[in-house]
Structures are given as C-alpha cells and as structure tokens.
Protein chains: 2
Amino acid sequence: MRIGELAARAGVSVRSLRYYEEQGLLTSTRSTSGQRHYTDRDVERVGFIQRMYAAGLSSRTILEVMPCVDAPSAETSDAAMERMVQERDRLTEHIAELVRTRDSLDRLIAVNRAHRKTLHKAPAA
Amino acid sequence: MRIGELAARAGVSVRSLRYYEEQGLLTSTRSTSGQRHYTDRDVERVGFIQRMYAAGLSSRTILEVMPCVDAPSAETSDAAMERMVQERDRLTEHIAELVRTRDSLDRLIAVNRAHRKTLHKAPAA
DNA sequence: CTAAAACCTGACACTGACGTCAGAGGCAAG
DNA sequence: CTTGCCTCTGACGTCAGTGTCAGGTTTTAG
C-alpha cells in the first residue's frame, strides 16, 4: 500500500510516517518513481511506534528497542533488551506516580464536593 | 523566603517559578526593591503544579482547576470542578493506556527472553 | 487526454515548558 | 566600601513531533 493508505489505517498523518522513516523507525520499499510502499505488517508497526511515543519514549529510544521487535527470534542485542527492560521499569514508576496524582485529584474533588453539599448550593457571595 | 530558596525546596529551577507566575499559577509578594517573597505554603503549591504538569496538564488547564485548590472551602466555580473531574477521568484513561502499553512491553520482553534461552546464549551469527 | 488526487523533497512555522545570556540592581559579610 | 552572590526584566535559544506551504512528478478516474 502507499503512504496515504497506511496513514489512514494507522490513524496518523502522512507527515508523521515520513518523519518516522527519517528517524529510522520505519522503512519502505520505493517504486521506480520514488513512491513509498508498505506492507500490512507496517500498520502494526506504526501502532507500536505510536504507543511508545504515548508512553513517553523518544524517537531515539524507540529506535534502540526496535531490535526486539524486528528480530524477536534472533539473538536480540543485549543493549536493546536492557533498554527495553529499563523503559518498562520507568513506565511502571511513571504509572505509579500518575496513580498517586489521580488519587490526590480524587481527594480534592471529594473535599470540594463536601463543601458544596455543606453550602447546599448557596449562591456566590 | 526568596525565589532561590523556594526553588531549592521545591526542587525546581528559578526560571520555572518565574514562568509559573507569568502563567498565573503562582503569586508572590514583592519587596520594595521588587524581589519576590514566598510563604511555606508555596512549596506545596509548586509541588502540586509539578505533579499536574507530570500528569500532562497544560499551564492553562492547571490554571482552570486552581480555584479548587485555592478555595476548597468556598463555592468553587462549577467550571473548575467540571474541569477537574474531566482531567481526573482523562488521567484514568491515560493510566489504563499506559498499563496496556507496559503489558505489551512485558510480553515483548518475555518473548525475547524465551528465544534467548532457546538459543542458549548462542553467539551472534 | 486531461483534470483531480496523491505523492515527492525541502524547508520553515509552531507549541510549550523551560535554558541561558545580558545588563542592571539588591543585600549580607569582611 | 567592595566583593560576591542573589535577584530583576527582557529576550532569544532549544527540543521534538508535527503542520503546512511551495513547486514539481506520478497515479488514477473519467
């Protein structure tokens, strides 16, 4: 498929796909006229990339863990494995922090609700 | 206390504190010479701001929920409460997404470990 | 054949939370 | 007083992912 279809299927912009290629995260075969062509597998790959971005990894870091995705059946480089475990742990810690933050938001909401109930929806002063 | 001490206590840069003030998130009393002065309570306030940033809120959004922090005992504006609940829900969804992403990383790690074990740490080809 | 739509490269714009530098003034210690 | 550190304002730099525009080629539909 060409770049427009991949973009539509993966739910990203054409611009992003070119950027991913520029960053070495995505490769394409080129037709004689220079147009990029992709396979169905690339849809998943772009999805993976997007999730990594959403998890806070940079292009460079995603690139470092890619060997684990590309060659899970081969001798994945130690560096890539190490990086992936490291990012997994970082993500775990980040999730824990977000949960704590959400809890504090919950408490704040509860406190405000309690006060509003107390005031019985009194009008502004 | 002056800005340097607040920065040290809250673990942020002086630059950030000035930026927070510029965004309306933090206020200071000024000495006659124009220097900013803060209270102990501002240390917590900066901590709160930092956690909100870490949770993905923008300056503008933090500003919108601030009434709930500033006046939890008064008639907190409906808009602020609504915004806070909305952000709490967004955060919940984001956490769920991150957990899914971490699970997929876990699976990827497991797959790679299994293959490495199978290969019995065979040297690179 | 021709017009529209998709694609190409290259480059500049943008956003947002800062870093950093310049030039000037404030404040406690020796 | 002066040395040295802290602070002030203002402004420009940065980073990273993406938007967007220009100017040109390719593919597709009629």
Side-chain angles (χ1 to χ4, degrees), chain A residues 1-39 42-43 45-66 83 87 90 94 97-98 101, chain B residues 1-39 42-43 45-66 83 87 90 94 97-98 101:
Chain A
M1 82 192 77
R2 291 190 300 169
I3 199 169
E5 188 177 344
L6 177 57
R9 281 208 209 169
V12 304
S13 69
V14 167
R15 177 68 175 90
S16 293
L17 295 180
R18 296 205 188 102
Y19 179 73
Y20 299 164
E21 181 170 317
E22 191 181 316
Q23 300 299 308
L25 299 175
L26 188 62
T27 53
S28 58
T29 58
R30 298 297 189 104
S31 68
T32 46
S33 63
Q35 299 207 340
R36 294 170 177 86
H37 286 269
Y38 302 93
T39 68
D42 288 322
V43 178
R45 190 183 182 89
V46 172
F48 178 81
I49 294 172
Q50 286 284 106
R51 281 182 307 173
M52 293 304 106
Y53 276 130
L57 281 71
S58 67
S59 296
R60 178 151 165 48
T61 304
I62 299 174
L63 190 60
E64 285 177 26
V65 306
M66 269 305 183
R83 202 81 170 102
E87 289 304 318
R90 195 191 54 77
H94 188 216
E97 189 190 324
L98 290 185
T101 297
Chain B
M1 81 193 78
R2 290 189 299 170
I3 199 169
E5 189 178 343
L6 177 58
R9 282 208 208 168
V12 305
S13 68
V14 168
R15 176 67 175 92
S16 293
L17 296 179
R18 295 206 188 100
Y19 178 74
Y20 299 164
E21 182 169 319
E22 190 181 317
Q23 299 301 307
L25 300 176
L26 188 63
T27 54
S28 58
T29 58
R30 298 298 189 106
S31 69
T32 46
S33 62
Q35 299 206 339
R36 293 171 178 86
H37 286 271
Y38 302 94
T39 67
D42 287 324
V43 178
R45 191 183 180 89
V46 172
F48 177 80
I49 294 172
Q50 285 284 106
R51 281 183 306 169
M52 292 305 106
Y53 276 130
L57 280 71
S58 67
S59 295
R60 176 151 165 52
T61 304
I62 299 175
L63 189 60
E64 285 178 26
V65 306
M66 269 304 182
R83 202 80 171 103
E87 289 305 317
R90 196 192 54 77
H94 187 216
E97 189 189 325
L98 290 185
T101 298

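Just so you know, these numbers use all the heavy atoms, side chains as well, and skip hydrogens, waters and symmetry mates. Every chain is numbered from 1, with letters handed out A, B, ... down the list of sequences.
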Sugar-phosphate means primed atoms, P, OP1 and OP2; the rest is base. With that split, encode nucleotides 23-30 of chain D 5' to 3' as B, S or - using protein heavy atoms under 4.0 Å.
-> ---SS---

Whole-Å gap separating [atom2] ([N]) and [atom1] ([X]):
| X | N | atom1 | atom2 | value |
| --- | --- | --- | --- | --- |
| E22(B) | dG16(C) | CD | P | 13 Å |
| H37(A) | dA6(C) | NE2 | P | 15 Å |
| L25(A) | dG17(D) | CG | C1' | 12 Å |
| I3(B) | dT9(D) | CD1 | C1' | 12 Å |
| Q23(A) | dG17(D) | CD | P | 6 Å |
| I62(A) | dG17(D) | CD1 | C1' | 11 Å |

If you find the nucleotide of DNA chain C closest to S59(B) and the one closest to R30(A), which residue's nucleotide is nearer the 5' end?
-> R30(A)

Please round to the nearest 0.5 Å and tell me the distance separating atom [atom1] of [X] and atom [atom2] of [Y].
| X | Y | atom1 | atom2 | value |
| --- | --- | --- | --- | --- |
| R18(A) | I3(A) | CZ | CD1 | 4.5 Å |
| D42(B) | T27(B) | CG | OG1 | 6.5 Å |
| R60(A) | L25(A) | CZ | CG | 12.0 Å |

When you measure from the side chain of T101(A) to the backbone N and O of E97(A), does any donor-acceptor pair fall under 3.5 Å?
->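 Checking the backbone N and O of E97(A) against the side chain of T101(A), a donor-acceptor pair under 3.5 Å is found.
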
Contact list for DNA chain C against residues 4-21 of chain A - heavy-atom distance below 4.0 Å = G4(A), R15(A), R18(A)

side-chain hydrogen bond (donor to acceptor under 3.5 Å, both in side chains) partners of R9(A), counting only residues at least two apart |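 Residues passing side-chain hydrogen bond (donor to acceptor under 3.5 Å, both in side chains) with R9(A): E5(A), D40(A).
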
Considering residues at least two apart in sequence or located in another chain, which fulfil the side-chain hydrogen bond (donor to acceptor under 3.5 Å, both in side chains) criterion with R45(B)?
->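 Applying side-chain hydrogen bond (donor to acceptor under 3.5 Å, both in side chains) to R45(B) gives D70(B).
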
Please, which pairs that meet salt bridge (Lys or Arg N to Asp or Glu O under 4.0 Å) have at least one residue in residues 26-36 of chain B, sequence neighbours excluded?
->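 Checked against salt bridge (Lys or Arg N to Asp or Glu O under 4.0 Å) - neighbours excluded - the pairs reaching residues 26-36 of chain B are E21(B)-R30(B), E21(B)-R36(B).
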
Can you name the ring-ring contact (aromatic ring centres under 6.0 Å, His included) partners of Y20(B), sequence neighbours left out?
->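 Per chain and number, Y20(B) pairs via ring-ring contact (aromatic ring centres under 6.0 Å, His included) with Y53(B).
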
At under 4.0 Å, does any side-chain N or O of R36(B) touch on OP1 or OP2 of dT9(D)?
->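 Indeed, a polar side-chain atom of R36(B) lies that close.
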
What does R60(B) touch in the nucleic acid at a heavy-atom separation under 4.0 angstrom: a base, only the sugar-phosphate, or nothing?
->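 Result for R60(B) = nothing.
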
Heavy-atom closest pair, residues I62(A) and I49(A) =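 Smallest heavy-atom distance, with atoms named: CD1-O, 4.0 Å.
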
